[in-house]
Number of protein chains: 2
Amino acid sequence: MTYSIAQAAERSGLSIDTLRYYERIGLVDPPARDAGGRRNYSDEDLQWLEFLTKLRTTGMPIRMMREYAQLRHRGVGSAGRRKQILVEHRASVLERIAELQGCLEVLNYKITNYEQIESKMDTLLTHYPEGATA
Amino acid sequence: MTYSIAQAAERSGLSIDTLRYYERIGLVDPPARDAGGRRNYSDEDLQWLEFLTKLRTTGMPIRMMREYAQLRHRGVGSAGRRKQILVEHRASVLERIAELQGCLEVLNYKITNYEQIESKMDTLLTHYPEGATA
DNA sequence: GTAGAAGCTGGAGTGCGCTCCAGGTCAACC
DNA sequence: GGTTGACCTGGAGCGCACTCCAGCTTCTAC
């Protein structure tokens, strides 16, 4: 099964321009071409794109994705380094999640404060409704 | 207690340039100045900076932080809108955490694969050590 | 009273990750 | 065989969030 660039874009969630851009910078291998010179993405290409988008979503910088992409060409001998990249990246994702959860507590605290303000205002309005326009 | 811009930078974790930049774009109120025209940050200024960095860490775009910052000047009447911003932002942070956790599973799966490759290679090397150079 | 550190301003530059564009080719349908 | 639409290329442009710079002032310490 092969896919046009438009189909690959739709399935990967990347734009057509981004697909060509990723190819230019060496993040994806140049896909096959049809007789007219148009890109034909394979299922493997799409799988790689899917994985790339996970790395991107988790904030891996493009230069690191590129290093990983290029290591794949070296076969099994680069598996150690590739694993190392993923392990380090996983650690950074875990850190990031923890950081977000920390901030979440602050948000919750602030929101609770606003809710208290609201309930105080409600009380005021209930008891002194004419004060509402002051 | 007041703080020079260098002290404010150190305590907030932002750079001196970023503090001036935030002031320029209306994210922070212009702090007091000393007789020589230098900025004197107050404790409240620092608290606001601390909160801003939480918003930034959680990926709130500057234009939204600015909206929030400007609403503060309108007093209690803007509390509803401010709460709304925070509630919506909290939702987006929760989504983001979920997204990261989803990607984490893929990372774990890949890393497990690499570990299996490693253990297979170990087995090969143990049984056919001369094959290591092939 | 002078050297050096810290701060000031307005504005230009940077890095990232795309995104858009002009001008052209190619294939399919009427 | 002409039109339409998808795709091609190289290169320019963009939005974000800073970051850096030149040239100047001000405070502190000697």
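Chain A is the first sequence line, chain B the second, and so forth, proteins listed ahead of strands; every chain is numbered from 1. On a predicted model such as this, the values are computed, not experimentally measured, just so you know.
Annotation: side chain of A/Leu52 is in contact with side chain of A/Val28 (closest heavy-atom distance under 4.5 Å). Here the side chains of A/Tyr41 and A/Thr2 are not in contact, with every heavy-atom distance at 4.5 Å or above.
Nearer to the 5' terminus of DNA chain C, by closest-nucleotide assignment, is the contact made by B/Ser4 (compared with the other of A/Arg20 and B/Ser4). Residues A/Arg24 and A/Arg38 both approach DNA chain D. Their nearest nucleotides, taken by heavy-atom distance, put A/Arg38 toward the 5′ side. Where B/Arg56 and B/Ala35 each meet DNA chain D at their nearest nucleotide, the meeting point lying more 5' is that of B/Arg56. Each of B/Glu23 and A/Ile62 has a nearest nucleotide on DNA chain C; the 5'-most of these lies closest to B/Glu23.
The side chain of B/Asp17 approaches D/dC21 more closely than any other nucleotide in the set D/dC27, D/dC21, D/dA17.
The CE-C1' distance, from B/Met60 to D/dC16, rounds to 16 Å in whole Å. A straight line from CD1 of B/Ile16 to P of D/dC21 spans 14 Å, rounded to a whole angstrom. The separation between B/Tyr22 atom OH and D/dC18 atom C1' is 8 Å, rounded to whole Å. The nearest whole Å value for the distance from the CZ atom in A/Arg33 to the C1' atom in D/dA6 is 14 Å. Look at CD1 on A/Ile25: it is 17 Å from P on D/dG11, rounded to the nearest Å. Per the geometry, CG belonging to B/Leu27 stands 13 Å off P belonging to D/dC16, to the nearest Å. The OH atom of B/Tyr21 sits 10 Å away from the P atom of D/dT19 (whole-angstrom rounding).
Listed pair B/Arg39 / D/dT26 fails the phosphate criterion, with no side-chain N or O lying under 4.0 Å from OP1 or OP2.
Comment: B/Arg20 does not engage B/Glu23 in a salt bridge, judged by the lack of any side-chain N to carboxylate O separation of less than 4.0 angstrom.
At least one donor-acceptor pair closer than 3.5 Å links the side chain of B/Arg66 to the backbone N or O of B/Ile25.
No more than 12 heavy atoms of other residues, nucleotides or ligands sit less than 6.0 Å from atom CD of B/Glu50. Annotation for A/Arg81: atom CZ counts as buried by contact number, over 12 foreign heavy atoms lying within 6.0 Å.
Using a 30° and 60° split on the angle between ring planes, A/Tyr114 and B/Tyr68 fall in the perpendicular class, above 60°.
Along DNA chain C, the stretch of nucleotides lying under 4.0 Å from any heavy atom of chain A spans, 5' to 3', C/dC16 to C/dA27.
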